Amino acid sequence: GFDHVALAAGAGRPTVLNMPNGLARGVRAASDFLMGLQLTGAAQGDSIANMQLRLPVVVIGGGLTAIDTATEALAYYPVQVEKFLKRYEILTAVQSEAAIRAIWDEEEKAIADEFLNHARAIRAERQAAEQEGRAANVIGLLQSWGGAKIAYRKRLIDSPSYTLNHEEVEKALEEGIWFAEGMTPVRVDVDVWGHTQSVRFAVQKRDEAGQWHDAGEVQLAARALLVAAGTQPNTVLAREDDKTYQLDGRYFNACDEEGNPVKPAYANPKPDYPAVLLSRYKDAQDGRFISFFGDLHPSFSGNVVKAMSSAKQGYPVVSRVLERIKPASSESTQQFFTGLNRQLRPIVHKVERLAPNIIEVVVHAPM
C-alpha cells in the first residue's frame with residue numbers, strides 16, 4: 001500500500017577484525033562502546049550500569065570515531081573506579097569487607113583490587129592537588145597505568161581524523177591520548193581467564209620514497225581493545241531479496257527515474273545527478289520506487305552532513321517519481337492533513353484530580 005519507500009538505515013555493520021582471539025573478552029566495537037556509554041548513563045554518578053573498562057586501552061582505527069573512543073575511555077575510567085570505591089566503602093561498612101569479597105571469584109578479586117588501588121591513587125592526587133593549590137594530574141596517573149593508545153595502519157597525517165578535523169586530534173593529544181603509527185593488528189593474546197591482555201601488531205615504516213616496509217612486530221599491553229576500523233553499509237536486504245535489492249560492490253545498485261541502471265558518483269556529495277533511486281518496485285509501471293540515502297549511498301556515505309545533503313538533493317527526485325502515481329484520495333491537501341491531524345495527534349481533553357495523589361488525564365487520540 002505504500003507509494004514510496006526510502007531506505008536510510010545508515011552504516012550499521014561494524015568491521016570485525018579477522019584474527020586470533022578477535023572476539024575475546026575485552027574486545028569491543030568502538031561504536032558499541034560509545035553507544036553503551038551514552039544509553040546506560042554509566043559515566044553518571046547515580047547510574048548502576050555494569051559497564052566495565054580496564055586499562056590499558058588500545059583503539060584500532062584512524063577516524064574520528066577512534067578519537068572519540070579514546071578520549072571517552074580515558075574520561076570514563078576515573079569515574080568508573082571512583083564510583084566503585086565509593087560503593088565498596090559503603091557496602092563494607094554495612095556488611096564487612098570479608099563478606100563482600102567472599103562472593104567474588106579470583107578474577108573478580110583481581111579486577112576489584114585493580115579498581116580500588118587506582119581509585120585511591122586518584123583520590124589521594126585530588127586531595128594533594130587541593131592542598132597545594134594546583135590542578136590534579138589525573139592524566140599522569142592514567143598514563144602510568146597504560147592510558148589509551150590509538151593504533152593506525154598508516155601515519156597520523158594520513159588518518160581520516162587528521163584530514164577531516166585536525167583540531168579534534170590536537171585536543172585528544174592534549175588530553176593524554178597516544179597515537180601509534182604503522183600498526184596492523186595480527187592477534188590478541190589473552191590471560192588465564194580468556195580476557196584480553198595484549199595485542200600483537202605488524203609494524204610498517206615509510207621510507208623517503210613513500211613506500212611502506214615491514215619492520216617486525218610489537219606487542220602492546222591492552223585490557224580493553226576497542227575496534228574503530230570503519231563500518232559497512234547495512235545491505236542485509238540484498239541477502240533477503242536479491243531480486244529487488246541488488247548490489248554494486250559494497251553498495252546497492254542505483255537506477256534513474258525510468259528504472260534504467262546508473263552508476264552513482266563515488267564519494268561526491270554534490271553529484272550532477274543525485275542517483276538516489278535503488279529500484280523500481282517489482283517492475284511496477286506506476287512509478288513506485290525504493291530510494292536510498294546517507295551511508296547506504298556511495299555518493300553520500302561518511303558523515304551526517306553528507307547524509308543531510310543526500311536528503312536535500314534527493315527529495316526532488318522522489319517527488320518527481322511520486323507525481324506519476326495517481327493519488328488514492330480525491331481530497332485537497334488541506335482536507336487530507338486536517339484529517340491526519342484529527343486522527344494522529346493526541347490532544348489532552350480533560351485533567352481532573354480524583355484524589356490528593358490521583359490525577360485523571362483524558363486524552364483524545366483516535367489512532
Side-chain angles (χ1 to χ4, degrees), residues 14-17 19-22 24-34 37 51-81 114-115 118 121-122 137-191 195-206 212 215-230:
T15 299
V16 178
L17 299 179
M19 61 181 178
N21 297 321
R25 288 171 51 223
V27 181
R28 192 170 189 175
S31 55
D32 178 55
F33 166 73
L34 292 172
L37 191 61
M51 186 171 169
Q52 188 184 96
L53 180 77
R54 299 174 69 186
L55 295 181
V57 172
V58 173
V59 180
I60 306 294
L64 289 170
T65 300
I67 298 294
D68 286 347
T69 302
T71 54
E72 290 287 353
L74 215 54
Y76 171 61
Y77 186 80
V79 175
Q80 172 195 228
V81 297
E114 182 181 298
F115 283 7
H118 290 177
I122 292 172
N137 185 21
V138 176
I139 289 178
L141 289 174
L142 295 174
Q143 289 180 327
S144 71
W145 300 324
K149 301 179 183 70
I150 297 174
Y152 182 55
R153 58 191 174 86
K154 295 183 180 179
R155 300 175 301 172
L156 169 61
I157 59 174
D158 300 323
S159 67
S161 57
Y162 185 84
T163 55
L164 290 171
N165 189 347
H166 68 276
E167 294 96 341
E168 190 165 338
V169 177
E170 182 181 4
K171 291 299 179 185
L173 297 177
E174 290 176 2
E175 292 181 17
I177 305 300
W178 289 315
F179 199 101
E181 300 180 319
M183 308 278 277
T184 301
V186 293
R187 71 170 288 120
V188 176
D189 293 325
V190 297
D191 61 17
H195 194 287
T196 304
Q197 69 175 6
S198 64
V199 187
R200 295 180 186 270
F201 291 89
V203 182
Q204 288 193 318
K205 300 287 186 181
R206 192 172 186 267
W212 290 90
E217 285 193 359
V218 68
Q219 187 170 4
L220 295 181
R223 284 301 191 174
L225 179 64
L226 305 175
V227 183

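Computed from a predicted structure; not experimentally measured.
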**Under the ring-ring contact (aromatic ring centres under 6.0 Å, His included) test, residues paired with Trp212 that sit two or more places apart** = none

**Asked** Between atom OG1 of Thr184 and atom CD of Gln204, what is the distance when rounded to the nearest 0.5 Å?
**Response** 5.5 Å

**Asked** So, for Tyr152 and Pro160, which heavy atoms are closest and what is the spacing to 0.1 Å?
**Response** OH-CD, 3.6 Å

**Asked** Would Asp158 and Tyr162 count as a side-chain contact (heavy atoms from CB on, under 4.5 Å) if you check the C-alpha gap in whole Å, the side-chain angles of each, and the deciding distance to 0.1 Å?
**Response** CA-CA 7 Å; Asp158 300 323; Tyr162 185 84; over 6 Å; no

**Complete:** Closest non-hydrogen contact found for Ala202 with Glu217 is CA-CG, 4.3 Å

**Fill in**
Contacts of Gln52 meeting side chain to side chain donor-acceptor pair (under 3.5 Å) (sequence neighbours excluded), chain-then-number -> none

**Message:** Checking the side chain of Ser159 only, and the main-chain atoms of Arg155 only, is there a donor and an acceptor separated by less than 3.5 Å?
**Reply:** no

**Complete:** Exactly one of Val227, Leu225, Val199 clears side chain to side chain contact (heavy atoms under 4.5 Å, CB included) with Pro185, and that residue is Val199

**Message:** Between Phe201 and Val58, is the side-chain contact (heavy atoms from CB on, under 4.5 Å) condition met? List the steps.
**Reply:** CA-CA 11 Å; Phe201 291 89; Val58 173; 4.0 Å; yes

**Request:** Mark yes or no for whether Tyr76, through its side chain, and Leu53, through its backbone, hold a donor-acceptor pair below 3.5 Å.
**Result:** no

**Message:** Please enumerate all residues that pass salt bridge (Lys or Arg N to Asp or Glu O under 4.0 Å) together with Arg54, with sequence neighbours excluded.
**Reply:** Glu114

**Message:** Applying salt bridge (Lys or Arg N to Asp or Glu O under 4.0 Å) as the test, list every pair that has at least one member in residues 219-228; sequence neighbours left out.
**Reply:** Asp191-Arg223

**Item:** Residues which pass side chain to side chain contact (heavy atoms under 4.5 Å, CB included) with Leu74, listed by chain and number, not counting sequence neighbours
**Value:** Leu142, Ala148, Ile177

**Prompt:** Considering residues at least two apart in sequence or located in another chain, which fulfil the salt bridge (Lys or Arg N to Asp or Glu O under 4.0 Å) criterion with Lys171?
**Reply:** Glu174

**Item:** Contacts of Asn165 that satisfy side chain to side chain donor-acceptor pair (under 3.5 Å) - sequence neighbours left out
**Value:** Glu168

**Item:** Nearest-0.5 Å distance that lies between atom CD1 in Ile122 and atom CG in Asn137
**Value:** 11.0 Å

**Message:** Among residues at least two apart in sequence or on other chains, which ones pass side chain to side chain contact (heavy atoms under 4.5 Å, CB included) with Ala24?
**Reply:** Asn21, Val27, Val190, Thr196

**Test side chain to side chain contact (heavy atoms under 4.5 Å, CB included) applied to Ala228 - qualifying residues, sequence neighbours left out** = Ala30, Val59, Thr65, Ala66

**Request:** Could I get the full list of side chain to side chain donor-acceptor pair (under 3.5 Å) partners for Tyr77, not counting sequence neighbours?
**Result:** His118

**Message:** If you apply the rule side-chain contact (heavy atoms from CB on, under 4.5 Å), what do you find for Val186 with Met19, and how did you get there?
**Reply:** CA-CA 6 Å; Val186 293; Met19 61 181 178; 5.8 Å; no

**Message:** Looking at every heavy atom in both Ala229 and Leu17, which two are closest together, and how far apart are they?
**Reply:** CB-CD2, 4.4 Å

**Prompt:** What is the distance from atom CG of Leu55 to atom CG of Leu141, rounded to the nearest 0.5 Å?
**Reply:** 11.0 Å

**Message:** Can you list everything that forms a side chain to side chain contact (heavy atoms under 4.5 Å, CB included) with Asp189? Sequence neighbours excluded, please.
**Reply:** Arg187, Ser198, Arg200, Gln219

**Request:** Tell me, please, which residues at least two apart from Arg206 pass side chain to side chain donor-acceptor pair (under 3.5 Å).
**Result:** none

**Prompt:** Which value, rounded to the nearest 0.5 Å, describes the distance between Thr69 atom OG1 and Ile60 atom CD1?
**Reply:** 11.5 Å

**Prompt:** Any idea which heavy atoms bring Ser161 and Gly62 closest together, and the distance?
**Reply:** OG-O, 2.8 Å

